[in-house]
Amino acid sequence: MSQVSVLYNDQETKVDPGTKAAALIKTLVPEEERKKIIAARIDGRAIDLSTPVTGDSKIEFISSDSPEGLNILRHSTSHVMAAAVRKLFPGTKVAIGPSIESGFYYDFDKKTPFIPEDLQAIEAEMKKIIKAGEPYVREEISSEKAVELFEEMGEDYKVELIRDLNVPTVSIYRTGDFVDLCYGPHIPSTSYIKVFKLLTIAGAYWRGSEENAMLQRLYGTAFLTKEELDDHLFKLEEAARRDHRKLGKDLDLYSMHEVAGAGLAFWHPNGGRIRRIIEEFWYDEHYKRGYEVVYSPHIARVNLWKTSGHWDFYRENMYSPMEVEGQEYLVKPMNCPFHIIIYNTKKRSYRELPYRVAEMGTVYRYERSGVLHGLLRVRGFTQDDAHIFCTPEQLKKEMLNCVDLAFFLMRTFGFEEYEVNLATRSESYIGTDEEWDMAESTLAEALTEHGIPFIKDEGGATFYGPKIDIKLKDALGRLWQGPTIQFDFNLPRRFDTNYVGPDGKEHLVYMVHRAVLGSLERFFGCLIEHYAGAFPLWLAPVQAKMIPVTDRQIPYAEKVQEELKKAGFRVEIDGRNEKVGFKIREAQLAKIPYMVIVGPVEEESGNIGVRHRKQGDIGKMNIEDFIARMKEEVESKAIL
RNA sequence: GCUGGGGUAGCUCAGUAGGUAGAGCACAUCCUUGGUAAGGAUGAGGUCGGCAGUUCGAUCCUGCUCCCCAGCUCCA
């Protein structure tokens with residue numbers, strides 16, 4: 001029999017046809033790398049190591065420490081979990097069990113709910129399976145036979161999956177006596193699983209549709225080493241430590257109240273301070289960049305919402321109408337119709353475009369109770385909204401300006417990493433293909449010219465226009481929805497929003513919606529988590545806490561406070577009858593940037609003792625120097 | 001909205017086989033005047049989420065409801 005050629009790392013090797021991928025490892029891969037190999041790729045297709053090479057091909061090996069390898073390992077672990085569940089809870093049906101971002105899950109249909117103690121029992125059972133080193137045996141069988149097989153086992157969900165696949169053959173994997181419909185690939189045997197942990201129990205709809213049965217989902221994760229697992233668990237704890245709902249309470253930033261209703265935020269004085277600073281910075285920056293600030297009402301007659309299309313397309317997110325003197329009014333879920341009303345108050349010339357109006361507009365949207373989440377998902381929120389009305393020729397420049405503003409603001413708040421998405425038209429959309437082509441390519445050009453790499457989200461646009469979404473990466477590497485810039489073909493048509501061009505004729509205006517912070521509530525929540533509550537000096541609600549050593553220094557502390565206040569700083573005195581250490585501890589826990597200690601020594605020499613929340617005691621300095629230091633820190637918006 | 005888990009003092013939580021509850025921190029008063037992450041004593045503080053039902057009696061059992069948490073689905 002003639003040999004086939006295998007290409008690995010551009011090196012050609014001749015092998016007998018039918019040689020398994022695993023057998024090639026020894027001849028092709030240096031010894032120190034072999035141990036980590038868990039799967040392979042032939043001509044780009046991921047396969048098991050037990051797969052034979054049948055013809056001339058290019059081979060690559062997948063190492064367990066690559067992202068792809070880790071996914072395979074986790075997916076394989078999910079099979080072990082399913083096997084354990086089936087053994088411990090006979091009669092439980094299995095649905096699907098993929099690997100996900102940081103682990104894996106498997107969905108089960110079980111009569112009674114899982115309880116937390118079940119997880120331990122399942123883990124113990126999994127350990128047995130892992131110890132037994134069961135191989136993952138792949139088999140290709142006809143769909144017919146597969147249906148028979150899974151029907152016999154009572155695995156209705158698998159049967160449904162096979163029927164929907166509608167292909168002649170499917171692959172199944174056997175691990176011990178557990179059989180699963182699976183595309184693969186898998187690790188060679190369960191002994192390849194090193195460390196894993198089951199994390200949570202949750203509900204999930206079969207195939208993600210709320211029309212379907214609710215299944216029980218078990219989440220878990222797997223890693224190569226215990227250190228990596230511990231690191232992951234530590235990150236989860238760290239995320240919990242930074243949770244804005246906890247910090248919001250601890251730092252007295254905001255609250256929510258059962259008596260007021262779900263999803264409605266109350267900004268406390270500390271949160272209010274931060275919000276005002278953000279808002280003032282935002283207004284200044286907008287005026288600098290040629291925006292005008294407007295204010296609009298919170299309610300409007302239902303007719304307006306019929307014209308805008310919200311009544312037809314957005315009603316499930318809007319609150320029921322209220323009747324006022326026989327007229328129905330609706331609370332606004334968006335600001336755009338109001339800004340259009342302002343634009344439409346007179347005939348506009350191309351000479352006055354672009355017309356940019358910005359508003360911190362508070363809107364209310366009905367959100368299903370289950371989706372509410374602290375400040376990140378609420379029912380009433382203030383958008384940092386703006387609408388730009390321009391000519392087609394101006395569109396690109398306006399997009400660039402928006403992107404520029406977005407990045408400027410985000411960087412100022414300390415976000416350095418982003419993911420940019422360009423969402424293009426979906427199946428149903430309004431407007432013509434030419435318009436969409438133009439808008440989509442303009443958005444793409446704006447990003448490209450700015451040297452901003454982006455991901456194309458095909459079909460991700462709303463029905464009324466394409467958009468750019470910017471996601472922020474926070475201090476823990478989590479992504480948050482940040483700025484969004486959306487093009488709108490719809491509203492100008494509906495409101496007949498136009499301008500008179502140089503040709504003396506009326507043209508439909510081009511309209512851009514954009515929000516940079518998104519909503520103040522969500523952005524604030526995100527900021528809290530990003531800084532873990534330790535706001536930089538320019539944002540900190542209390543910038544310095546005066547700590548008199550004894551109550552005899554209170555008058556001196558008041559004198560210093562006066563000077564600091566005069567210089568424009570937010571300073572409080574802790575005049576309580578407590579020891580210095582105690583007051584420092586409290587100020588530290590309140591994450592106040594500076595503590596100013598004044599005792600007899602300082603009073604006598606007319607200076608202050610300064611302590612920074614992160615650097616600790618930074619020694620004595622005179623008041624002017626401290627003011628200069630803080631000024632510099634505030635003006636540069638430094639993140640310390 | 002759905003599945004599961006919850007709601008006890010301002011906060012974090014314990015507790016009651018059904019007989020109206022407790023700790024630590026915070027708060028108040030007093031003692032202490034103390035130098036870079038917790039000094040001491042005393043005290044006040046609760047419709048045990050809300051409404052109904054069962055019961056001689058409900059924080060505890062039942063039903064409904066509101067709110068919160070983990071997900072699913074959906075979004076700024």
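Per chain, numbering begins at 1; letters A, B, ... match sequence-line order.
With hydrogens and angles ignored, a donor-acceptor pair under 3.5 angstrom links the side chain of Y205(A) to the base of G1(B). Counting distance only, with no hydrogens placed and no angle test, the side-chain atoms of R207(A) and the base atoms of C72(B) include no donor-acceptor pair under 3.5 Å. You won't find any donor-acceptor pair under 3.5 Å spanning the side chain of Q588(A) and the base of A38(B), going by distance alone. Side-chain N/O atoms of R368(A) and base N/O atoms of U73(B) include a donor-acceptor pair closer than 3.5 Å. For G71(B), its base never sits under 3.5 Å from the side chain of Q216(A) at any donor and acceptor pair.
A sub-4.0 Å separation between OP1 or OP2 of A76(B) and a side-chain N or O of R379(A) is absent. Between H257(A) and the phosphate of C68(B), there is no side-chain N or O to OP1/OP2 separation shorter than 4.0 Å. The side chain of S369(A) places an N or O atom within less than 4.0 Å of a non-bridging phosphate oxygen (OP1 or OP2) of G1(B). When the side-chain nitrogen and oxygen atoms of Y219(A) are compared with OP1 and OP2 of C72(B), one or more of them lie within a distance under 4.0 Å.
Distance noted for atom C1' between A70(B) and U65(B): 22 Å (whole Å).
Taken residue by residue, residues 237-250 of chain A places heavy atoms nearer than 4.0 Å to RNA chain B at R245(A), K249(A).
By the criterion of a centre-to-centre distance under 5.5 Å and near-parallel planes under 30°, the ring of F582(A) forms no stack with the base of G39(B).
Among the heavy atoms of the strands, none lies under 4.0 Å from E521(A). Contact annotation for A262(A): backbone-only contact, meaning every heavy-atom pair under 4.0 Å involves sugar-phosphate atoms and none involves a base. At the heavy-atom level, R365(A) lies under 4.0 Å from base atoms of the strands shown. Residue-level contact check: V580(A) touches the backbone only, with heavy atoms under 4.0 Å from sugar-phosphate atoms and none from bases.
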Tell me which donor-acceptor pairs under 3.5 Å the side chains of residues 94-103 of chain A have, and how far apart each pair is, sequence neighbours excluded?
none

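Nearest-nucleotide mapping onto RNA chain B: of F381(A) and R552(A), the residue sitting toward the 5' end is R552(A).
Base-pairing analysis of RNA chain B finds the following stems of at least three consecutive Watson-Crick or G-U pairs, with both pairing distances under 3.5 Å: B:1-7 with B:66-72, B:10-13 with B:22-25, B:27-31 with B:39-43, B:49-53 with B:61-65.
Remark: R217(A) is positioned above the aromatic ring of Y105(A), its terminal NZ or CZ atom under 6.0 angstrom from the ring centre and at most 45 degrees off the axis. Geometrically, K456(A) does not engage F454(A) in a cation-pi contact, judged by NZ or CZ lying under 6.0 Å from the ring centre and within 45° of the ring axis.
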